[in-house]
Number of protein chains: 2
Amino acid sequence: MSCENAVRRLSEYRRILCKLKALGFTKVFSDHLAGAIDVSPALVRKDFADFGLTGNRKSGYSVGELIDKLNRILLKEHTEEVIMVGCGGIGRALMNYNGFAGEGIRITAGFDSNPDLQNCDAAIPVLDISRLEVYINSHRIRTAIMTVPETYAGTMADRLAAAGIRAILNFSPITLKNLPGCFIRNVNFLYELENVIYFSAQDTPE
Amino acid sequence: MSCENAVRRLSEYRRILCKLKALGFTKVFSDHLAGAIDVSPALVRKDFADFGLTGNRKSGYSVGELIDKLNRILLKEHTEEVIMVGCGGIGRALMNYNGFAGEGIRITAGFDSNPDLQNCDAAIPVLDISRLEVYINSHRIRTAIMTVPETYAGTMADRLAAAGIRAILNFSPITLKNLPGCFIRNVNFLYELENVIYFSAQDTPE
DNA sequence: AGCAAATGAATATAAAAATATCGATAAAAA
DNA sequence: TTTTTATCGATATTTTTATATTCATTTGCT
């Protein structure tokens with residue numbers, strides 16, 4: 001699991017810091033951030049220390065400085081271009097998801113083998129899957145989202161890795177393992193829902 | 001984090017066991033299951049022990065028996081009815097997602113405040129949000145999926161909990177804490193993607 | 001029947017993750 | 001200037017999670 005959790009917390013810190021900045025705050029304390037994301041202040045300081053984020057004794061951390069450094073760590077200094085592989089219902093919904101654009105992430109193209117889904121002229125073009133490798137190469141894409149049927153997920157991941165993709169967010173219903181040189185993060189809707197259903201039947205799930 | 005991870009592994013075990021059953025296997029060993037989901041055999045045995053799943057020394061576990069017991073634990077002996085709160089792009093995509101139906105989960109209704117999205121006659125009706133409480137009560141719904149804008153997420157979660165919902169799968173872009181009597185699991189697309197992007201820039205992310 | 005091999009079950013160990021503690025220090029107050 | 005106070009930074013502790021190890025038992029073979 002390496003440091004996935006810590007990196008995810010960085011995203012959470014960043015979100016809160018941006019809100020604080022919008023409210024005009026310039027300083028923040030580990031205590032406050034800790035309360036906001038429900039961890040201990042010690043963990044906030046440790047996370048920051050681990051990623052080279054420093055503060056000042058007595059006067060806490062500078063909001064602006066933290067955001068700048070987090071932007072560097074999370075690759076937000078430029079717009080990150082991402083492709084969508086598989087453009088069924090979930091894929092298209094994510095292509096239209098409005099939560100990425102303002103956060104320095106752009107889905108620049110989709111790929112699907114079904115001609116009915118292809119559309120070169122759309123705001124985000126959906127191309128035939130055969131054009132995958134050329135596109136990745138010419139656009140220097142490093143990150144892909146995958147929403148393909150289970151049957152194709154494994155081979156498609158191999159294909160993406162071979163084409164130079166360095167990390168995949170995989171929504172297909174099969175859990176894939178990291179490949180050499182390619183990080184894979186699996187999100188399985190069925191498992192998440194089964195999990196929630198399990199806890200819906202537990203006593204005082206709080 | 002309680003035992004979320006263990007429950008998620010139960011989902012994974014179950015998926016693999018169903019495939020083994022389809023292939024005609026009747027017995028399975030912790031070693032095999034461990035390899036399939038990339039953990040140690042000891043963890044498989046411990047997970048099983050923790051949830052009361054037993055096997056036989058020398059002859060392993062019975063595939064059929066494991067599936068039956070997992071079905072009981074994961075509430076798969078009946079069809080679980082779930083509602084969708086917020087029927088924008090992601091919500092509708094999940095309502096049409098074909099990965100739930102065959103797994104004993106049915107999204108029976110959607111709710112949205114936007115009249116344009118409402119449709120009483122659809123396969124899965126989308127009702128006005130004002131009908132939420134009555135529906136939950138009359139259909140004895142315990143589980144909800146939430147895909148509402150950030151602004152409404154907090155109050156909507158409170159409202160769901162007050163209406164009797166026991167667990168929420170929250171896709172809205174704000175991390176919610178468990179409420180008294182209501183478990184909340186957050187899935188944040190932006191954080192997941194930021195995570196993946198982070199690792200796309202690390203060396204040998206494997 | 002008796003024995004060897006293999007495996008679950010239980011326990012112990014290790015590794016990882018989160019929290020608590022404490023000293024140093026900078027800012028504010030006296 | 002001195003004192004006080006609040007907070008970071010570093011370390012130690014605890015807790016949680018996962019893995020090894022050991023033991024006992026079942027099965028199949030001779």
Side-chain angles (χ1 to χ4, degrees), chain A residues 1-13 16-17 20 25-67 69-70 175 177-178 191 195 198-199 206, chain B residues 1-13 16-17 20 25-70 175 177-178 186 191 195 198-199 206:
Chain A
M1 205 168 275
S2 77
C3 56
E4 272 178 73
N5 290 339
V7 176
R8 191 162 299 109
R9 284 194 298 270
L10 294 190
S11 284
E12 298 213 51
Y13 298 138
I16 292 167
L17 288 164
L20 289 178
F25 286 87
T26 60
K27 300 281 179 190
V28 70
F29 302 117
S30 58
D31 209 17
H32 299 155
L33 284 172
I37 78 166
D38 215 19
V39 298
S40 70
L43 184 55
V44 175
R45 294 197 294 270
K46 198 152 85 67
D47 283 337
F48 284 2
D50 289 349
F51 286 91
L53 312 181
T54 55
N56 303 301
R57 295 176 208 262
K58 180 69 181 173
S59 62
Y61 299 89
S62 151
V63 171
E65 197 180 311
L66 278 184
I67 292 175
K69 288 183 178 174
L70 285 172
T175 305
K177 298 172 191 174
N178 288 343
Y191 295 168
N195 210 257
Y198 171 85
F199 285 106
E206 187 210 353
Chain B
M1 205 169 274
S2 78
C3 57
E4 270 180 75
N5 289 339
V7 176
R8 191 161 299 108
R9 285 195 297 270
L10 294 191
S11 284
E12 297 213 51
Y13 297 138
I16 292 166
L17 288 164
L20 288 178
F25 286 86
T26 59
K27 302 280 180 190
V28 69
F29 302 117
S30 57
D31 210 16
H32 300 153
L33 283 172
I37 77 165
D38 216 20
V39 297
S40 69
L43 184 56
V44 174
R45 295 196 290 270
K46 197 153 85 64
D47 282 337
F48 285 2
D50 289 348
F51 286 91
L53 312 180
T54 56
N56 303 301
R57 297 176 206 261
K58 180 67 180 169
S59 62
Y61 299 89
S62 152
V63 172
E65 196 179 311
L66 277 183
I67 293 175
D68 288 346
K69 288 183 178 174
L70 286 171
T175 305
K177 297 172 190 174
N178 288 343
N186 300 285
Y191 294 168
N195 210 257
Y198 171 86
F199 285 106
E206 185 208 355

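On a predicted model such as this, the values are computed, not experimentally measured, just so you know. Within every chain, numbering begins at 1; the chains are lettered A, B, ... in the order of the sequence lines, protein sequences first and strands thereafter.
Separating the CG atom of A:Asp50 from the C1' atom of D:dG9 is a distance of 12 Å, rounded to the nearest angstrom. One interatomic measurement links the two molecules: CZ of A:Arg9 to C1' of C:dA18, which rounds to 8 Å at whole-angstrom precision. Taking atom CG on B:Asn56 and atom P on C:dA9, their separation rounds to 8 Å, with Å as the unit.
Of the candidates C:dA27, D:dC8, D:dA20, the closest approach to any side-chain atom of A:Ser30 belongs to D:dC8. Comparing D:dA18, C:dT19, D:dT5 by their closest approach to the side chain of A:Lys58 singles out D:dT5. Among the nucleotides D:dT19, D:dT7, D:dT27, the one closest to any side-chain atom of B:Ser40 is D:dT19. Between C:dA27, C:dA18, D:dT19, one nucleotide has an atom nearer to the side chain of B:Val39 than all others, and that is D:dT19. Of the candidates C:dA27, D:dT27, C:dT19, the closest approach to any side-chain atom of A:Leu43 belongs to C:dT19. Nearest nucleotide to the A:Arg45 side chain, out of C:dG8, C:dA18, C:dT21: C:dT21.
Between B:Tyr61 and D:dT26 there is no side-chain N or O to OP1 or OP2 distance below 4.0 Å. When the side-chain nitrogen and oxygen atoms of B:Arg57 are compared with OP1 and OP2 of C:dA5, none of them lie within a distance under 4.0 Å.
How far CG of B:Leu33 is from OG of B:Ser30: 7.5 Å, rounded to the nearest 0.5 Å.
Note on B:Ala49: nothing from the nucleic acid sits closer than 4.0 angstrom, heavy atoms only.
When ring centroids are compared, A:Tyr61 and A:Phe29 stay outside the 6.0 Å threshold.
No salt bridge links B:Glu12 with B:Arg8; every basic N to acidic carboxylate O contact stays at or beyond 4.0 Å.
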